[in-house]
Engineer: 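Sharing a structure, written as structure tokens. Questions coming.
On a predicted model such as this, the values are computed, not experimentally measured, just so you know. Just so it is clear: chains get the letters A, B, ... in the order the sequence lines come, proteins before strands, and each one is counted from 1.
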Amino acid sequence: MPELPEVETSRRGIAPVVEGQTITSVVCRVARLRLPLPADLSSRLSGRKILKLDRRAKYLLFRLDIGTLLIHLGMSGHLRIVSAGTPCDRHDHVDIHLGNDTVIRFHDPRKFGLVALIGDAAEEHPLLCHLGPEPLIREFNGQSLFQRSRGRKIAVKSFIMDQQIVVGVGNIYASEALFRAGIHPLRAAGRIAATRYQLLAESIKDVLSEAIDAGGTTLRDFFDSSARPGYFRNNLLVYGCGGQPCRTCGCALKSIRIAQRATVYCAYCQH
DNA sequence: ATGCGGACCTGTTAGC
DNA sequence: TGCTAACAGGTCCGCA
């Protein structure tokens with residue numbers, strides 16, 4: 001669920017409700033997610049004001065008057081805004097109560113998510129400081145991808161999923177972007193020409209932007225309690241389509257595993 | 001330094 | 001129908 005577009009959609013949905021609000025209390029129902037939850041989270045957060053909600057990679061950054069509350073949704077997490085008093089479900093691990101009688105509720109069955117309170121210089125925190133560029137900014141482009149790829153033998157799919165190279169390209173969008181760019185996912189990153197990286201960078205930007213726009217559609221029913229599959233699902237050209245005909249050439253799409261991740265591509269269109 | 005495999009968890013689905 | 005195995009959209013760590 002939480003690819004970068006979903007995290008951005010969450011941010012856009014939640015920001016108007018929480019910005020400017022004061023945290024009144026925090027309830028944690030588990031001791032740890034990916035990392036242990038700070039034991040004193042409630043006492044440290046109570047009375048603090050949420051100034052702004054930002055996103056960096058797939059992390060949500062709640063900018064407070066005393067530092068930053070960092071939330072990562074992992075593989076299975078989501079945030080919902082609910083009214084105070086809404087009964088909680090299984091896997092509703094953390095409730096952040098706000099002054100306006102609403103609650104930010106963190107739900108994560110697989111517990112791969114993360115909640116941490118970090119200091120003011122959030123970007124220098126160990127969890128964030130090694131992250132590569134955001135995919136949608138100008139500084140991320142074919143030229144920078146090309147330069148960083150020289151000498152690398154890693155499969156290009158793993159290369160673009162490396163958060164030090166570029167953030168936010170998850171397993172789904174890696175396959176989608178490579179299909180759009182006509183690049184074989186197993187090709188060694190260091191053996192791809194600059195012009196093709198140009199195309200790849202554009203494909204990454206396009207597919208993520210389109211997915212964010214589609215997430216905007218989900219925004220309308222964002223406060224629904226039902227977790228429905230992302231709207232962008234209908235726009236996927238290869239992911240989850242193994243065995244089906246390629247939209248371009250009609251040949252059956254191939255399913256393989258790269259670094260233990262499901263990968264789909266067209267052996268005819270991608271080189 | 002690079003690249004790979006395993007680990008962290010639970011839920012759902014495919015297959016027998 | 002019921003059981004088991006495989007798999008799931010992320011990230012970090014340790015080893016070769």
Engineer: Between A:R90 and B:dG11, does any side-chain N or O lie under 4.0 Å from OP1 or OP2?
Structural biologist: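 Checking B:dG11 against A:R90, a side-chain N or O does come within under 4.0 Å of OP1 or OP2.
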Engineer: Whether A:H72 contacts C:dT11 is assessed here as follows: a side-chain N or O lying under 4.0 Å from the phosphate OP1 or OP2. Is that the case?
Structural biologist: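 Yes, such a contact exists.
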Engineer: Is A:E8 paired with A:R12 through a side-chain N to carboxylate O contact shorter than 4.0 Å?
Structural biologist: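 Salt bridge: yes.
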Engineer: Report yes if at least one side-chain N or O of A:K58 is closer than 4.0 Å to OP1 or OP2 of C:dT11; otherwise report no.
Structural biologist: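 Yes, A:K58 has a side-chain N/O under 4.0 Å of OP1/OP2 on C:dT11.
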Engineer: If the cut-off is 4.0 Å, is A:Y239 near the phosphate of C:dG9, judged by side-chain N/O to OP1 or OP2?
Structural biologist: yes
Engineer: Calculate the interatomic distance between A:R56 atom CZ and C:dG10 atom P; express it in whole Å.
Structural biologist: 16 Å
Engineer: OP1, OP2 of B:dT10 versus side-chain N and O of A:K111: anything below 4.0 Å?
Structural biologist: yes
Engineer: Can you tell me which nucleotide in C:dC12, C:dG9, B:dG6 comes closest to the side chain of A:Q260?
Structural biologist: B:dG6
Engineer: Does a side-chain N or O of A:R257 approach OP1 or OP2 of C:dA8 to a distance below 4.0 Å, or not?
Structural biologist: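 Yes, within the criterion.
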Engineer: Is any side-chain nitrogen or oxygen of A:R34 closer than 4.0 Å to OP1 or OP2 of B:dC9?
Structural biologist: no
Engineer: When the P atoms of C:dA6 and B:dG6 are considered, how many whole Å apart are they?
Structural biologist: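 Each nucleotide's P atom is 13 Å from the other's.
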Engineer: Between P on C:dC13 and NE2 on A:H130, what's the gap in Å once rounded to a whole number?
Structural biologist: 10 Å
Engineer: OP1 or OP2 of B:dG11 versus the side-chain N and O atoms of A:H91: is any pair under 4.0 Å?
Structural biologist: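 Answer yes for this pair, as a side-chain N or O of A:H91 is under 4.0 Å from OP1 or OP2.
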Engineer: Can you spot which of A:T263, A:L253, A:I172 makes a side-chain contact (heavy atoms from CB on, under 4.5 Å) with A:Y239?
Structural biologist: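 Exactly one option meets the side-chain contact (heavy atoms from CB on, under 4.5 Å) with A:Y239, and it is A:I172.
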Engineer: Working to the nearest 0.5 angstrom, can you tell me the gap between A:T68 OG1 and A:K52 NZ?
Structural biologist: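 The distance works out to 11.5 Å.
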Engineer: Roughly how far, to the nearest 0.5 Å, is OG1 of A:T22 from CG of A:D65?
Structural biologist: 8.0 Å
Engineer: Quick one: which residue pairs count as a side-chain hydrogen bond (donor to acceptor under 3.5 Å, both in side chains) with a foot in residues 131-143 of chain A, not counting sequence neighbours?
Structural biologist: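 Counting only pairs at least two positions apart or across chains, the side-chain hydrogen bond (donor to acceptor under 3.5 Å, both in side chains) contacts touching residues 131-143 of chain A are A:R55-A:E134, A:R56-A:E134, A:N141-A:S144.
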Engineer: Run A:K205 and A:E202 through salt bridge (charged side-chain N to carboxylate O under 4.0 Å, His left out) and show every step you take.
Structural biologist: CA-CA 5 Å; A:K205 288 173 191 279; A:E202 283 165 21; over 6 Å; no
Engineer: Is A:R261 near enough to C:dC7 that one of its side-chain N or O atoms lies under 4.0 angstrom from OP1 or OP2?
Structural biologist: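 Result: no.
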Engineer: Roughly how far apart, to the nearest Å, are B:dG5 and C:dC7 at atom P?
Structural biologist: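 That atom pair is separated by 15 Å.
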Engineer: If you assign A:G168 and A:A262 each to the DNA chain C nucleotide with the nearest heavy atom, which residue ends up on the more 5' nucleotide?
Structural biologist: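 Mapping each residue to its closest nucleotide by heavy atoms, the 5'-most match is A:A262.
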Engineer: So which nucleotide from B:dC9, C:dC12, B:dG5 ends up closest to the side chain of A:F112?
Structural biologist: B:dC9
Engineer: To the nearest angstrom, how far is A:M75 atom CE from C:dC7 atom P?
Structural biologist: 13 Å
Engineer: Can you measure A:H78 atom NE2 to C:dA8 atom C1' for me and round it to whole angstrom units?
Structural biologist: 16 Å
Engineer: What base-paired stems does DNA chain B take part in, with at least 3 consecutive Watson-Crick or G-U wobble pairs and both distances under 3.5 Å?
Structural biologist: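 Expected stems, ordered by start: B:2-8 with C:10-16, B:10-16 with C:2-8.
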Engineer: Under 4.5 Å between any side-chain heavy atoms of A:D40 and A:L117, yes or no?
Structural biologist: no
Engineer: Are any of A:Q163's side-chain N or O atoms less than 4.0 Å away from OP1 or OP2 of C:dC12?
Structural biologist: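 So the side chain of A:Q163 is within the cut-off, an N or O lying under 4.0 Å from OP1 or OP2 of C:dC12.
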Engineer: With heavy atoms under 4.0 Å as the rule, sort A:F159 into base, sugar-phosphate or nothing.
Structural biologist: nothing
Engineer: Once you round it to whole Å, what is the distance between C1' of C:dG10 and CD1 of A:I172?
Structural biologist: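 In whole Å, C:dG10 C1' lies 12 Å from A:I172 CD1.
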Engineer: Under 4.0 Å: is that the gap between some side-chain N or O of A:R152 and OP1 or OP2 of B:dG3?
Structural biologist: yes
Engineer: Take the protein atom CG of A:D162 and the nucleotide atom C1' of B:dA1, then report the distance between them rounded to whole Å.
Structural biologist: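 About 12 Å, once rounded to whole Å.
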Engineer: Whole angstroms only, please: what is the CG-C1' distance between A:L208 and C:dG9?
Structural biologist: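 These atoms are roughly 13 Å apart.
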Engineer: For the pair A:H107 and A:H91, name the ring-plane relationship: parallel under 30°, tilted 30 to 60°, perpendicular over 60°.
Structural biologist: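 Answer is perpendicular, since the angle exceeds 60°.
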Engineer: Are any side-chain N or O atoms of A:D54 and backbone N or O atoms of A:R63, one a donor and one an acceptor, separated by less than 3.5 Å?
Structural biologist: no
Engineer: Is A:I154 touching bases, backbone alone, or none of the nucleic acid, heavy atoms closer than 4.0 Å?
Structural biologist: sugar-phosphate
Engineer: Quick one: A:I160 CD1 to C:dG10 P, roughly how many Å, whole number?
Structural biologist: 12 Å
